[in-house]
Amino acid sequence: MKLLVQGAGYIGEVHLTSITKYHLCEVALCEMNEERLRAVAEKYQITETYTSLEEALKHPFDGVIICTPNFAHKSDLKQCVEAGLHVMLEKPMAESLESAKEMYELCKQHDRFAFVAYCLRFASPYRKIKDMIEEGRLGKVFSIRASVAGKKAISDARTNYRTVRAQGGGVISDFSHEIDYSLWFADAPVTRVRCIGSRAVHKDWDVLDTAELLIQCENDITLSVHMDFLQPYFGRTIEIYGTKGAIRWRDNECIKFYDEEQGAWTDMESAINWEHVYRDEVIHYLDCLANHKRPFVDEKSGYETYQVIAACTQSAEEHAF
């Protein structure tokens with residue numbers, strides 16, 4: 001099979017690394033910045049390159065991995081589905097709720113899927129936690145608490161799109177992994193949201209740099225999420241509480257599981273191999289293409305997550321301090 005990677009920024013290189021290191025498929029690269037295109041193509045020994053998606057799509061591909069900034073997703077997806085291609089699309093789905101809805105409708109109109117790349121669903125701790133919930137080891141889950149924070153999200157970006165509203169920036173949008181996996185764990189529709197956010201440090205931004213999300217689901221599970229672009233180290237934590245047990249997990253630590261019957265905490269290995277996370281994500285996309293399967297996170301799930309992003313952002317702005 002042959003994929004086109006659209007965009008040679010940070011995440012574009014991540015996917016190129018997986019594809020070339022593990023020999024997953026043939027690959028071509030599209031990037032409008034010619035200097036960047038030459039440098040990345042040389043680094044990964046890619047001989048087929050394009051400076052425009054329109055030109056690239058004149059040639060045959062089995063799929064496209066869209067790695068451009070949020071504000072470019074709708075235009076890129078539209079060109080791809082109109083060319084008859086299913087796509088893999090970096091998260092979040094779009095830069096606005098209106099764009100996300102249009103993209104969802106475009107996929108339905110052209111009978112194509114958009115695999116929204118919420119990669120944490122492919123990481124071993126998250127999959128293990130999901131399995132434990134589904135196996136009933138926690139009893140009835142009633143509370144999921146998550147946290148994600150760090151300046152690294154800003155410093156790693158090649159442009160400032162994460163800090164600009166019109167380009168789909170803001171801490172809630174950029175850290176929407178936490179919304180996605182919390183909803184995956186809860187496995188129930190959202191009924192209401194509340195959010196408090198602020199520009200705690202970056203007063204000149206037109207987006208939030210910190211936020212506290214409170215989300216209620218139909219099955220009486222409450223999700224609470226802290227997000228910030230401020231703390232000096234990057235890290236994630238999860239706490240899940242049920243009637244028969246609890247889970248606590250922090251980056252670079254074991255999953256800690258409390259079992260009511262045992263009356264004690266036990267440690268469970270939960271190391272993340274990030275190379276394997278991104279490799280497995282692309283393998284899943286290729287499998288969907290080859291076997292006509294729906295992806296793990298499709299355009300419907302991506303749109304539903306964006307609805308929560310938009311609702312939280314609106315709530316924070318309506319209740320701003």
Side-chain angles (χ1 to χ4, degrees), residues 1-20 24-96 98-117 156-169 173-174 278 281-282 285-286 288-289 295 299 302 306:
M1 299 189 80
K2 184 176 180 181
L3 298 180
L4 174 70
V5 172
Q6 160 69 342
Y10 169 79
I11 197 63
E13 279 207 64
V14 167
H15 293 308
L16 288 171
T17 299
S18 296
I19 292 167
T20 56
L24 301 181
C25 63
E26 293 183 64
V27 64
L29 178 62
C30 181
E31 166 61 49
M32 63 185 296
N33 182 315
E34 294 187 25
E35 183 179 354
R36 175 73 179 162
L37 177 64
R38 285 193 298 271
V40 174
E42 181 178 353
K43 180 177 179 180
Y44 295 95
Q45 299 183 319
I46 298 169
T47 57
E48 185 177 348
T49 62
Y50 304 94
T51 56
S52 79
L53 183 58
E54 181 181 7
E55 179 61 30
L57 293 177
K58 294 177 182 177
H59 301 81
F61 295 101
D62 295 293
V64 180
I65 304 179
I66 297 174
C67 303
T68 48
N70 307 344
F71 64 89
H73 287 181
K74 182 176 73 172
S75 173
D76 289 348
L77 177 132
K78 184 174 188 294
Q79 292 182 70
C80 292
V81 298
E82 287 179 347
L85 296 171
H86 300 287
V87 304
M88 176 172 161
L89 176 70
E90 271 307 316
K91 67 84 195 170
M93 193 170 182
E95 88 293 353
S96 69
E98 180 182 5
S99 289
K101 182 179 180 181
E102 289 180 31
M103 292 166 71
Y104 172 55
E105 291 173 347
L106 276 166
C107 288
K108 288 200 299 181
Q109 177 185 342
H110 293 277
D111 194 25
R112 302 292 93 180
F113 70 67
F115 168 33
V116 185
D156 275 358
R158 296 189 63 84
T159 69
N160 69 342
Y161 76 91
R162 288 172 169 165
T163 69
V164 179
R165 177 187 298 271
Q167 297 183 11
S173 176
D174 199 63
Y278 291 113
E281 191 177 43
V282 175
Y285 176 46
L286 291 169
C288 290
L289 294 175
E299 66 283 350
Y306 205 94

> Taking C-beta and beyond as the side chain, do Tyr278 and Ile19 meet within less than 4.5 Å on heavy atoms?
Replying inline: no
> For the residue pair Tyr285 and His86, is the inter-centroid distance of their aromatic rings smaller than 6.0 Å?
Replying inline: no
> OG of Ser52 to CE of Met32: how many Å apart, nearest 0.5 Å?
Replying inline: 9.5 Å
> Could you walk me through whether Leu29 and Leu4 pass the side chain to side chain contact (heavy atoms under 4.5 Å, CB included) check?
Replying inline: CA-CA 6 Å; Leu29 178 62; Leu4 174 70; 5.7 Å; no
> How far does OG of Ser18 sit from CG of Leu24, to the nearest 0.5 angstrom?
Replying inline: 7.0 Å
> Considering all heavy atoms of both residues, which atom of Ile66 and which atom of Cys80 are nearest to each other, and what is their separation?
Replying inline: CD1-SG, 4.4 Å
> After noting the C-alpha distance and the side-chain angles of Gln6 and Glu31, does the key distance pass the side chain to side chain contact (heavy atoms under 4.5 Å, CB included) rule?
Replying inline: CA-CA 6 Å; Gln6 160 69 342; Glu31 166 61 49; over 6 Å; no
> Which pair of non-hydrogen atoms, one from Tyr50 and one from Ala28, has the smallest distance, and what is that distance?
Replying inline: CE1-CB, 4.3 Å
> Hey, mind stepping through Lys58 and Glu55 against salt bridge (charged side-chain N to carboxylate O under 4.0 Å, His left out) and telling me if it holds?
Replying inline: CA-CA 6 Å; Lys58 294 177 182 177; Glu55 179 61 30; 3.2 Å; yes
> Once you round to the nearest 0.5 Å, how far does OG1 of Thr49 lie from CZ of Arg38?
Replying inline: 9.5 Å
>> Can you confirm whether Gln109 is buried at CD, in the sense that more than 12 heavy atoms of other residues, nucleotides or ligands lie under 6.0 Å from that atom?
In response: yes
> What are the two closest heavy atoms between Cys67 and Val5, and how far apart are they?
Replying inline: SG-CG1, 4.1 Å
> Less than 4.0 Å between a side-chain N and a carboxylate O, is that true for Glu13 and Lys43?
Replying inline: yes
> Are any side-chain N or O atoms of Arg112 and backbone N or O atoms of Gly84, one a donor and one an acceptor, separated by less than 3.5 Å?
Replying inline: yes
>> Could you check whether any side-chain N or O of Tyr306 sits under 3.5 Å from a backbone N or O of Glu98, counting only pairs where one atom can act as donor and the other as acceptor?
In response: no
>> Give me the atom names and distance for the closest heavy-atom approach of Met88 to Ala117.
In response: CE-CB, 4.0 Å
>> I need the Phe113 CZ to Cys288 SG distance, nearest 0.5 Å.
In response: 5.0 Å
>> Before you tell me yes or no, could you show the steps for Glu82 and Lys78 under salt bridge (charged side-chain N to carboxylate O under 4.0 Å, His left out), namely the whole-Å CA-CA distance, both residues' side-chain angles and the distance that decides it to 0.1 Å?
In response: CA-CA 6 Å; Glu82 287 179 347; Lys78 184 174 188 294; 2.7 Å; yes
>> Side chains of Cys107 and Val87, heavy atoms from C-beta outward: is any pair under 4.5 Å?
In response: no
>> Quiz question: by atom type and distance under 3.5 Å, do the side chains of Tyr44 and Thr17 form a donor-acceptor pair?
In response: yes
> Of Lys101, Glu299, Lys74, which is the lone residue that meets side-chain contact (heavy atoms from CB on, under 4.5 Å) with Met93?
Replying inline: Glu299
>> Donor-acceptor check, side chain of Lys91 to backbone of Asp174, threshold 3.5 angstrom: yes or no?
In response: yes
> With side chains defined as the heavy atoms from C-beta onward, is the minimum distance between Thr51 and Cys30 less than 4.5 Å?
Replying inline: no
> Is there side-chain contact between Leu3 and Leu289, with at least one heavy-atom pair below 4.5 Å?
Replying inline: yes
> Will you find, in the side chains of His73 and Glu90, an N or O donor that is under 3.5 Å from an N or O acceptor?
Replying inline: no
>> Are the side chains of Gln79 and Leu57 in contact, using a 4.5 Å heavy-atom criterion?
In response: yes
>> Quick check: do Met1 and Glu26 have side-chain heavy atoms less than 4.5 Å from each other?
In response: no
>> What verdict does the side chain to side chain contact (heavy atoms under 4.5 Å, CB included) test give for Leu85 and Val81, after you've listed the backbone C-alpha separation in whole Å, the side-chain angles of each residue and the deciding distance to 0.1 Å?
In response: CA-CA 5 Å; Leu85 296 171; Val81 298; over 6 Å; no
>> To the closest 0.5 Å, what do you measure between CG (Leu16) and CD1 (Ile65)?
In response: 8.0 Å
